[in-house]
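Before any comments, here is the structure.
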Amino acid sequence: MKLEGNYSFEAPLDTVWQGLFDPEVLARTLPGCEKLERQGDQFLGQINVKMGPVQGKFQGKVELQNVKERESYTMVVDGRGPAGFAKATANIRVKGEGATTRLDYDSDVQVGGRIASVGQRLLDASSRAIVKQSLEGLHEQLKALAARAAPVAAAAPAAESVAVAAAVPVTAGAPAAAAVALAAAVPAPVAAEARAAGAPPAPLPSAPSQAAFAMGVAKEVGKDLLTPKNIVLAVLAMALLGLLISRLASG
Amino acid sequence: MPHLQDRSEKHTAKVPEAPVRVETTDEVVAKTPAKVCGMGHRMKRKEDPRFIQGKGRYVDDVKLPGMLYMDIVRSPYAHAKILKIDSSEALKLPGVVAVITGQDLKAAGNLHYMPTLMSDTQPVLPIDKVLYYAQEVCAVIATDRYIAADACEKVVVDYEPLQPVVDPHEALKDQILVREDKEKKTNHVWHWSAGDKAATDAVFAQAAHVVKEKIYIPRIHVCSIETCGMVANWDRAREHMQIYMTSQAPHAHRTVFALVSGLPEHKIQIISPDIGGGFGGKVPVYPGYVVCAVASLVTGKPIKWIEDRSENLQADSFARDYHIEAELAADESGKLTGLRVKTISDCGVADAAANPSKFPAGLYSICTGSYPLLAADIQVDGVYTNKPPGGVAYRCSFRVTEAVHMIERMVDIMAHDLKRDPAEFRLANFIRSDQFPYKSCTGWVYDSGNYAAALDKAMKMIDYAGLRKEQAEKRAKGQLMGIGISSFTEVVGAGPAADFDILGIKMFDSAEIRIHPTGKAIARLGTKSQGQGHETTYAQIIAEELGLPATDVQVEEGDTDTAPYGLGTYASRSTPTSGAAAAMAARKIRAKAKKIAAYLLEVGEGDLEWNIDRFQVKGSPDQAKTIQEIAFAAYTNHPPDLEAGLEATDYYNPPNLTFPFGSYICVVDIDSGTGAIHVRRFVAVDDCGNIINPLIVEGQIEGGLTMGLAPALFEEIVYDENGQNLTGTMADYLLPTAMESPRWELGKTITPSPHHPFGAKGVGESPTVGAPPAIANAIVDALWHLGVRHLDIPITPHKVWKALREHGVRD
Amino acid sequence: MSQHEISLTVNGAAVTKTVEARTLLVHFIRENLELTGTHIGCDTTSCGACTVVLDGKPVKSCTVFAVQANGATLQTIEGVAPDGKLHPVQEGFWEKHGLQCGYCTPGMIMTAKSLLEKNKKPTEQEIREGISGNICRCTGYNKIVEAIQYAAAKLEEAR
Amino acid sequence: MIPASFDYHAPRTLDEALALLRQNEGAKVLAGGQSLIPAMRFRLAQPEVLVDINGLSQLDYIKEQGGYLALGALTREAALEESPLIRHSYALLLDTAKVVADPLVRQRATVGGNLAHADPANDHPATMLAYGASVVARGPGGERVIGIDQFFTGLFESALAPNEILTEIRIPTPGPGAGGAYLKIERKVGDYAVTGVAVQLTLSGNVCKSIRIGLTNVNPTPMRAVGAEQRLTGQALSDEALEAAGQIAAGECSPSADLRGSEEYKRDLTRVVLKRAVRLAQSRVKGSN
């Protein structure tokens with residue numbers, strides 16, 4: 001499945017790029033995260049996704065490649081769980097256009113396992129919905145960040161390829177969305193963290209419940225300072241949800 | 001096992017020196033009285049009382065003391081390396097007994113691979129790589145099926161995903177190798193040909209008209225309502241393996257198990273209980289069966305394995321998957337002359353088709369159909385891809401559906417191109433009834449036929465001329481209506497020993513009849529009913545031959561300890577083979593009965609004649625002995641020079657296949673706004689030779705028609721580019737309900753087989769074979785004037801809508 | 001996790017059993033009650049092979065938990081002709097050859113029986129609609145429709 | 001396919017049910033179960049606690065009162081089909097009830113569950129949007145009424161809080177000149193819609209005084225075809241007006257490609273079916289023929 005599109009943020013390039021690479025927020029806001037550890041250059045995580053009627057544990061791995069400062073990067077997401085897997089490669093490009101910033105993405109998404117065989121009807125819809133919501137959420141987020149005017153850690157991932165632990169949704173459509181959302185929202189922070197911290201990040205404090213995300217990421221973002229990562233996770237969760245609902249009898 | 005390679009088809013069947021001419025009729029005549037209920041009677045089925053009261057016994061109904069349950073962990077990838085299988089968490093669950101992996105099977109004697117029916121190999125459980133989505137990775141054995149399911153979720157398999165190859169055309173480039181375990185480093189499995197290329201080239205060079213089309217016949221699934229399953233029960237003390245399994249061919253499976261496991265064959269008993277539909281899906285041996293049997297050997301306990309529907313729809317029982325390029329030639333007058341066909345057969349990861357050994361493309365070369373072509377050149381290539389093995393029949397005699405769909409589509413395209421009425425065009429081109437027995441240019445000897453009679457009858461039944469008039473009127477108003485014809489030739493009843501075998505075992509079949517002293521009987525046969533009504537039809541055959549009431553004949557099948565060896569039920573072979581064997585065994589009994597009757601009546605055998613249920617003295621019918629009296633005498637008062645008892649066995653080797661045929665006409669209305677297709681009428685005239693039980697034959701035809709409608713309009717197994725099956729449940733693999741299935745209208749002609757003992761031909765699959773092109777032809781007929789030449793099945797409203805919009809029709 | 005004692009009436013007899021909450025009604029019927037006439041054909045509430053009559057309604061027993069049947073009245077195919085005297089619907093299926101492999105048949109009969117209780121003289125279309133939650137792979141449905149028509153006439157005669 | 005383990009509760013009263021939801025975070029309400037149980041069988045849903053509300057017979061009713069039709073949330077689809085009241089006065093609802101899944105599923109499936117599941121492929125969301133219905137929810141803080149236009153918040157997401165139970169659906173009683181219809185295109189019985197159009201309108205002569213149109217399975221969230229409604233409101237229902245409205249609806253929905261067909265196909269089908277649904281609703285307006 002291929003997903004591509006673009007989004008225009010009402011924020012300058014620097015704000016967007018910094019927003020995309022804020023490690024602190026990332027670590028703090030992983031919803032449902034039960035475990036997050038660094039293994040060398042890789043971050044491995046486990047997330048327990050609960051969305052509506054759906055629930056599932058997933059192991060995730062994220063790698064950021066070809067990071068070009070304030071320009072582009074590639075995110076490779078690999079998430080697996082008992083219900084299936086999601087793999088996605090997303091190319092993200094940002095470009096300042098005066099007061100606004102344009103983000104272009106294209107991604108190749110593969111969802112497999114039970115989720116895909118049962119939830120075929122939701123693969124495309126949930127992926128698209130997730131991407132849309134995550135970008136809108138990110139936009140809100142960036143506006144909130146800008147408003148707070150807090151100093152943001154400089155994001156300059158030097159590592160060629162850094163893996164980030166992330167809860168990767170294993171649901172249909174989730175992958176694409178996840179990839180894009182992650183790519184759009186979270187990449188740099190992780191890279192920065194990996195480089196700067198050099199030690200495993202502390203276990204994440206309890207994150208907002210996925211239910212809240214489910215209710216609508218966009219609605220909530222502004223007031224609660226959701227990080228991009230959070231959004232990504234929410235997106236993933238949503239994707240899962242979609243998958244879960246699967247193609248079943250209605251009623 | 002060697003690859004089957006570069007083979008061309010050879011036939012040994014010859015046109016008989018003194019061919020028997022047969023007449024075509026359309027009335028079933030019952031010669032026996034209702035009390036006897038021999039052939040031709042609409043007898044209510046003997047097996048039904050148990051089914052309508054919930055007393056059928058299917059494999060999942062078998063419950064043995066101490067039985068454990070097996071569930072299978074399956075691959076989420078179509079192609080991946082297995083780095084690690086961690087079953088430690090699963091084993092911690094209370095009630096989990098074992099987790100069996102490919103390594104375990106290897107250690108148990110290289111059981112991690114098994115032979116397929118086509119002498120290829122197939123992984124049972126993989127050790128280093130998975131090759132298709134939903135492949136069996138390991139099996140969990142537990143005390144309860146719920147616990148087994150829980151444990152499967154706890155097994156962690158670490159994969160390194162690999163790029164799969166899903167499209168057979170891509171696979172032929174050999175950039176990704178599906179079977180690294182094979183000596184030959186290619187995905188090309190075999191090449192096979194039939195006909196005569198040079199002669200065909202010559203015919204095409206002379207042709208005035210040539211039509212060309214690409215036709216894809218997608219992968220479909222038999223989806224019998226009962227899935228596959230097994231209960232294996234290894235008795236350590238007796239060193240005896242008792243297996244209940246959903247098997248259409250229990251004897252052949254016993255032999256395969258013996259060869260694979262090394263257990264002596266007499267220590268293996270396979271019982272095929274009631275089967276909830278087979279349609280070819282229960283012919284192959286699947287990995288689950290092997291693992292289940294091994295699990296019983298390992299644990300010493302009975303093990304039950306029953307597939308879920310989604311496992312069934314994703315891992316086994318697949319059919320078709322033929323990519324066809326066809327060219328059909330005709331001369332100036334519109335006489336069909338030649339056929340050229342190139343086909344790619346997508347085998348999946350193994351050539352596990354359920355075909356006779358020497359026919360890797362099944363009986364596909366029957367594809368010259370009902371037409372006396374001068375030459376044909378048929379080429380088929382088998383290709384490996386990262387999909388589960390396919391090639392089961394789906395209610396079809398080995399690829400005949402593919403053949404018939406192709407030729408009937410091509411003939412229709414030719415007729416339309418030449419602006420000829422498709423019915424008139426067929427009538428002008430058929431093999432004439434006086435040409436039978438007819439040897440086709442691909443080597444088949446058609447035993448009998450009268451194609452024009454069947455089409456004539458169908459046209460009358462449906463008022464063909466009236467429909468064409470209606471169509472013209474509607475077209476003038478912009479309404480879309482189509483009429484489609486299919487005049488198919490089937491080939492069933494495999495088969496003659498000279499050409500037909502499965503893993504070397506000749507495709508005879510068998511019957512054993514014992515008459516008890518009180519004149520009741522038991523008959524055991526080598527076939528296995530999956531709903532065809534064998535308990536009734538075989539009893540009627542024996543009733544016809546011996547005059548015993550059919551109700552007095554108990555028919556048994558499916559237990560390899562008691563039934564004579566046979567190859568099983570598929571490919572419409574039961575009546576042509578075991579049915580024939582039953583008649584022949586009955587005739588042996590009758591021959592002995594005659595001796596006994598002569599002894600009792602104190603006359604010479606030459607003075608006796610047979611009359612329905614008795615031998616009577618010629619010219620003196622009062623002097624007679626009924627079969628019951630003779631049976632009693634066989635145990636109480638038999639001739640001193642004759643053995644006691646009254647029984648016989650027959651292993652019947654058919655001299656030729658049988659060639660049922662028919663003509664179907666379908667009428668469709670198409671909604672130009674939505675592309676919706678409404679099958680308004682469907683008339684099916686079938687000729688299956690002499691009919692044993694008209695009620696059962698009607699049921700077979702109606703059921704077959706719905707299974708022909710299904711792939712024509714609904715069913716397709718869809719994979720994405722990564723080999724992920726997207727149709728893994730009945731919610732996405734669409735089986736027709738009573739609402740989608742029209743009311744079928746049946747007619748018949750009867751052209752008996754000249755070589756079959758009672759002139760029957762086999763019927764269960766003709767409608768599945770004949771219906772799809774009739775439907776497809778009707779839809780294309782409705783759209784032809786817009787410029788639509790062909791649509792691949794399943795023809796969905798979406799495809800029709802697309803064609804309409806592309807050709808400027810908009811609601 | 002949770003275990004529940006449930007009491008229900010099955011084919012006229014009172015039954016009390018303990019079940020796990022997640023036990024599907026169809027498994028309870030087949031495994032615990034050992035009434036194997038009710039079959040399983042899918043995972044998605046699509047095929048109807050598992051149809052039973054629960055509190056007077058035909059339902060797919062694979063999509064109900066056994067614990068939900070606590071206090072209910074349940075009829076399975078085994079309860080349709082308890083004394084061996086066939087119900088007109090069963091007769092119809094036999095007379096008209098409304099079955100082949102027999103696997104979908106119990107579910108089909110339970111649905112047909114309920115249909116005729118609600119609609120005494122259904123048209124062919126109403127019969128087809130009424131059985132559209134049950135899939136038969138063998139018969140092509142013509143003869144199932146005829147079987148139900150036969151039963152409707154037979155029941156009408158009896159009234 | 002075997003569900004994972006869970007704890008099960010069968011409350012006798014609504015208050016008891018609400019208390020159980022409060023006490024068990026992540027508890028899931030089990031109504032008809034025809035979507036939830038299959039999801040559980042595939043282990044895509046693994047709720048730790050199920051609160052089965054099937055014992056709350058007080059939620060099973062169909063009655064007209066105070067200018068609206070009140071449906072208890074536990075009303076089964078089959079009950080709608082059989083209700084004389086609905087057969088007489090609620091053609092759109094009757095159309096819908098007849099095409100939800102299949103006749104056996106409809107014996108258990110509930111209207112409340114169909115809405116609360118918030119699956120854009122379900123049939124009742126479009127119908128309730130067309131009716132301008134409202135939904136009654138009970139939570140710890142008591143009862144609130146949610147307009148249907150505010151009810152669906154996302155893919156499988158509704159305005160119901162996790163500790164709330166949907167108790168009633170209210171459909172305004174159609175006035176004089178009102179008519180409705182639901183047309184669903186499905187591949188076979190039991191399938192989700194390729195597209196579905198629910199129309200409820202009020203005519204004055206041939207002029208459409210008001211109209212609401214709901215669409216099924218052509219958007220991530222159940223939606224109204226607002227643009228199409230605007231195009232038709234106050235207009236004579238000419239072929240041109242219907243075609244224009246159909247085109248607007250095709251543009252304002254956002255279907256996804258799946259095995260049912262392409263995005264383009266679903267948009268075009270929505271256009272075609274919308275025209276037919278409006279015509280059918282029009283033909284049902286009393287006295288119009």
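Hydrogens, waters and symmetry mates play no part in the numbers below; they use all other heavy atoms, side chains included. By convention in this document, chain letters (A, B, ...) are assigned in the order of the sequence lines, proteins followed by strands, and residues within each chain are numbered from 1.
- Across B:Asp732 and A:Ser117, no two heavy atoms sit closer than the pair OD2-O, 4.5 Å.
- For A:Arg80 against B:Pro161, the heavy-atom pair with the smallest separation is NH2-CD, 3.5 Å.
- Taking each heavy atom of A:Gly113 and B:Gln724 in turn, the nearest pair found is N-OE1, 2.8 Å.
- Surrounding NZ of B:Lys799 are more than 12 heavy atoms belonging to other residues, nucleotides or ligands, all under 6.0 Å away.
- Residue B:Lys129 places its NZ atom among more than 12 non-hydrogen atoms of other residues, nucleotides or ligands, all under 6.0 Å distant.
- Taking the six-membered ring for Trp and the full ring otherwise, the centers of A:Phe85 and B:Tyr159 sit at least 6.0 Å from each other.
- Scanning both residues, B:Asp720 and A:Val111, for their nearest heavy atoms gives OD2-O, 4.3 Å.
- The pair A:Arg114-B:Glu153 meets the salt-bridge criterion, since a charged nitrogen lies less than 4.0 angstrom from a carboxylate oxygen.
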